[in-house]
Amino acid sequence: MPGEEVNDSLEAGLPLEQPEQPTLEILRHSAAHLLAAAVTQLYPGTRYDVGPAIEDGFFYNFGMPHGMTLGPSELEAIEKKMGDLVTQKIPFERQILPKPEARKLFAEMGQDLKVAIIDRMPGEVGEVGIYRTGEFVDLCRGPHVPHTGWIKAFRILRSAGVYWRGREENEQLQRVYGTAWFDQDELEKYLHRLEEAEKRDHRRLGKELGLFHLDPTAPGMPYWLPDGFIILSELIQFSRRELRRRGYQEISTPLINESALWKTSGHWEHYQDGMFLMEGENGQTYGAKPMNCPNAMVVFNLGTRSYRDLPLRFSDTGILHRNERSGTLHGLLRVQKFQQDDAHIFIAEDQIAAEYERILEIVDHFYGVFGLTYQLRLGTRPEKYMGDIDTWEEAERILKEILLRQVGESRFTIAPGDGAFYGPKIDIIVDDAIGRSWQLGTVQLDFQIPRRFACSYVGADGAPHTPVVIHRAIYGSLERFIGILIEHFAGEFPLWIAPVQCEFVPVQDDSPEVANAIRDAMHSMQEAGIRVFQSQSAGERMQSRIRSSELRKVPYIVVIGKRDVERGDNVVTVRDTRRNSQATLPLTALTTQLVTEINERRLPGS
RNA sequence: GCCGGCGUGGCUCAGUGGUAGAGCAUCGGUUUUGUAAACCGACGGUCGUCAGUUCGAUCCUGACCGCCGGCUCCA
């Protein structure tokens, strides 16, 4: 639901055609009007702004009288009032007015926010639509349901303070979010879906499965606990192997650098707010790195580089710190400490397209391994940018061309102003459990920073040239990537990254024979590289242990008891918790099966 | 940073202006069990922090810290 764009042209103008059957979108838009009608009735003097239908619901923004804010008790009253208006079956009445007349109407009602919308409309619009719902009048193109009685299944969900027109320097309005459906059953289903999504929440699963910890003494700076660390290191190991094969060289660089470095790179001027700064002994200022790029420039400059060395690919899985505004942190998905599978690739200008192609191939490979579907997004020149506009436009043109050629117009979007301060970028976007979009990987084109560090290589012509740099991260932030993975798999990870791959449960825990059999079995699986674990807690019943393994989402549970030992054939019964099935097979066969599943990086259920 | 909400034992949550409970987990004992919770008992909290109101505050007020939902910002 966040970041919804409100398009004025949809809000105001000539009314749209009424379809034969109202759609969900129409219903929700009408619900937004109903909400505004309720609020203006309850709180006279309320100024109303915009109220569109959004995914799964609707909202409306209000300028409340006397700086009033909307809390739970107000929301309850509003929902009740809406219910009253529903039973009255008030018709939505359409009217078309010349623009000046509409302006006058809203001005007389003191609805300055509506007047502002009219004033922002393009000059060629001569007439606008007005919808009346009893006393409530809204500037609107519609269409709407015939009357308020249609809005039977709705729920007010929450309120939020939002800046008028999304700009921080503007007045803050009160936004009320709600959801609406055609019938009660669909509403219930939606609320149920929200509950299900909550069970996949990576913060909840992270705690339940002991993957990571966020301590109040280090807000937004995750601790990786043993089981979570296994996931982290498996991902890094996988990436390392793939990158080495593709000609990357790994380096490691300082976490803290003196401000001189940041001044050279431009971070001092353009990114200081996002950095943690500290004093040095002699009064110098140091900053924890928010990005690895300046260090990569230092490494590049250590030697005389030739065009024959390019592309020169330095990967750096460094830990970064970014000082975020409080209130923006969110579990692993928005943090102040994270590790990136970062790399900086130094190339000649004519190598840009080919290198991008190679990188986008890696992206496709990596995301495919996890079964993640992603969107690409081109981020263009931001307000705070470095360098000259011509270079920027050239870079943006190159990236757009690459995207058009590689994936086609339908597979990417453009986010104006979303580029890094040193260059435009192509981002990889993935959704979380409740449909919020997050940027993971990023492939950024940079003509600026190498110039600032006076990087150069000797060209085939014998003359010095400035390299172009591609900053790229495939996972992006490992923290964020793992957060997404937790939700994507609901904690049921592919075997190759599952912290515990196989757990052994004894039927009797007072039998030395059983204990020995388990020890031997575990040993042989460990030798094959499988992460095995023995169920602890003496005195528990087998059922209780199985339950506890299931809750920790252990993929395979092997139960061994006296009967198995007496048979002496090394045949075990394994429970496949993902398929909820059981199989009886020789231990060696089980080992082979798991090793194959790990090596093939098979997805759960495939 | 802004708006709203929340902050009680390791976890999930009750509760009251007279300094607190439950279940799970942990620990001890009994049980030795064949595929999602055996039974009995014990330990455990200065109720986020700091001020204030009050005879007395976990409960009321304020500030701060953290968290949650949005806004803004971003990997």
Side-chain angles (χ1 to χ4, degrees), chain A residues 1-4 59 61 64 67-75 157-164 166-177 201 203-204 207-208 210 214-220 271 273-274 290-291 320 322 324-336 338-342 379 382 418 420 425 427-429 434 436 438-442 444 471 473 475-481 483-484 505-511 514 537-551 557-564 573-577 580-582:
Chain A
M1 237 176 265
E4 295 292 339
F59 70 74
N61 293 345
M64 301 305 294
M68 179 185 176
T69 56
L70 300 176
S73 55
E74 285 82 12
L75 294 186
L157 296 174
R158 64 181 81 92
S159 62
V162 300
Y163 302 106
W164 182 57
R167 291 181 168 275
E168 224 173 333
E169 62 273 19
N170 288 345
E171 163 191 16
Q172 196 161 44
L173 306 175
Q174 294 288 305
R175 175 177 294 178
V176 177
Y177 283 100
D201 190 312
R203 291 165 301 189
R204 177 196 180 117
K207 191 178 272 181
E208 284 174 6
L214 285 160
D215 200 79
T217 56
Y271 206 83
D273 288 348
M291 301 183 195
L320 307 179
R322 293 187 188 176
E324 302 290 349
R325 297 158 84 175
S326 66
T328 62
L329 303 180
H330 182 93
L332 291 179
L333 299 182
R334 185 70 188 276
V335 293
Q336 299 200 109
F338 61 99
Q339 200 164 355
Q340 258 187 348
D341 62 327
D342 204 4
D418 223 35
K425 56 180 186 166
D427 289 330
I428 294 108
I429 315 293
I434 57 172
R436 289 182 289 211
W438 296 91
Q439 174 186 337
L440 296 176
T442 182
Q444 312 177 343
H471 308 235
Y475 298 129
S477 149
L478 266 306
E479 275 72 5
R480 181 177 284 182
F481 193 84
I484 292 287
V505 172
V507 181
Q508 302 86 8
D509 70 359
D510 62 345
S511 156
V514 170
S537 66
E540 277 303 330
R541 289 173 70 223
M542 176 201 64
Q543 284 87 341
S544 153
R545 293 177 185 195
I546 288 172
R547 178 167 193 272
S548 130
S549 301
E550 287 270 2
L551 292 176
I557 301 169
V558 174
V559 175
I560 293 183
K562 282 181 180 163
R563 294 210 306 247
D564 303 296
T573 306
V574 61
R575 182 189 180 90
D576 180 333
T577 67
N580 204 18
S581 64
Q582 257 174 253

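A note on names: the letters A, B, ... follow the listed sequences, proteins ahead of strands, and every chain is numbered from 1. Scope of the values below: all heavy atoms of this structure, side chains included, with no hydrogens, waters or symmetry mates.
In this structure A/Tyr475 satisfies the ring pair (Phe, Tyr, Trp, His ring centres under 6.0 Å) test together with A/Phe366, A/Phe481, sequence neighbours excluded. A/Gln543 pairs by the side-chain hydrogen bond (donor to acceptor under 3.5 Å, both in side chains) definition with nothing, not counting sequence neighbours.
Within 4.0 Å (heavy atoms only), A/Leu75 reaches no atom of the nucleic acid at all. A/Gly539 comes within contact range of at least one nucleobase, with a heavy-atom separation under 4.0 Å. If you check every strand for non-hydrogen atoms under 4.0 Å, A/Lys207 touches sugar and phosphate atoms only. Contact annotation for A/Glu208: no contact, since no heavy-atom pair falls under 4.0 Å across all strands. Using a 4.0 Å heavy-atom distance criterion, A/Ile546 is classed as a base contact. Contacts of A/Asp273 with the nucleic acid, taken as non-hydrogen atoms under 4.0 Å apart, are absent. Counting non-hydrogen atoms under 4.0 angstrom, A/Thr328 reaches a base of the nucleic acid. Residue A/Glu540 is in base contact, counting any heavy-atom pair closer than 4.0 Å across all strands shown. A/Val505 comes within contact range of no nucleotide atom at all, as no heavy-atom separation falls under 4.0 Å. In this structure, A/Gln508 reaches the bases: a heavy-atom distance under 4.0 Å links it to at least one base atom across the strands shown. Within the 4.0 angstrom heavy-atom criterion, base atoms lie near A/Glu550. Here A/Ser159 lies in heavy-atom contact (under 4.0 Å) with a base. Counting any heavy atom pair closer than 4.0 Å across all strands shown, A/Arg563 reaches a base atom. A/Thr573 comes within contact range of at least one nucleobase, with a heavy-atom separation under 4.0 Å.
In the interface, the side chain of A/Arg480 is paired with the base of B/rC74 through a donor and an acceptor atom under 3.5 Å apart. At a cut-off of 3.5 angstrom, counting only N and O atoms as typed in the model, there is a donor on one side and an acceptor on the other between the side-chain of A/Glu324 and the base of B/rA75. Side-chain N/O atoms of A/Tyr163 and base N/O atoms of B/rG1 include a donor-acceptor pair closer than 3.5 Å. Donor-acceptor pairing under 3.5 Å, judged by distance alone, is present between the side chain of A/Arg334 and the base of B/rC73.
To the nearest 0.5 Å, atom OG1 of residue A/Thr69 and atom CD of residue A/Gln174 are 5.5 Å apart.
At the phosphate of B/rU35, neither OP1 nor OP2 sits under 4.0 Å from any side-chain N or O atom of A/Arg541. In terms of phosphate contacts, A/Arg203 brings a side-chain nitrogen or oxygen within less than 4.0 Å of OP1 or OP2 of B/rC68. Between A/Thr69 and B/rC3, a side-chain N or O to OP1/OP2 separation shorter than 4.0 Å is absent.
Counting to the nearest Å, the C1' atom of B/rU12 and the CG atom of A/Leu551 are 14 Å from each other. As rounded to whole Å, 12 Å separates atom P of B/rC71 from atom NE2 of A/His330. Rounded to whole angstrom, the span from the CD atom of A/Glu169 across to the C1' atom of B/rC71 amounts to 13 Å. Taking atom CG on A/Leu70 and atom P on B/rC71, their separation rounds to 16 Å, with Å as the unit.
The A/Asp510 side chain lies nearest to B/rU32 when the options are B/rU32, B/rG70, B/rC73. Listed nucleotides B/rC74, B/rU32, B/rC71 differ in distance to A/Asp509; the shortest reach to its side chain belongs to B/rU32. Checked against B/rG70, B/rG34, B/rC74, the side chain of A/Val162 finds its nearest nucleotide in B/rG70. Checking B/rG5, B/rG70, B/rA75 against the side-chain heavy atoms of A/Pro72 singles out B/rG5 as nearest. The side chain of A/Glu168 sits closest to B/rU72 out of B/rC74, B/rA36, B/rU72.
The aromatic ring of A/Phe338 is stacked on the base of B/rA75, with the two ring centres less than 5.5 Å apart and the planes inclined by under 30°.
In this structure, the side chain of A/Ser159 engages the main chain of A/Leu70 through a donor-acceptor pair within 3.5 Å.
Looking at which nucleotide of RNA chain B each of A/Ala420 and A/Arg547 is closest to, the 5′-most match is held by A/Arg547. Both A/Gln439 and A/Asp564 lie close to RNA chain B; mapped to their nearest nucleotides by heavy-atom distance, the more 5′-ward contact belongs to A/Asp564.
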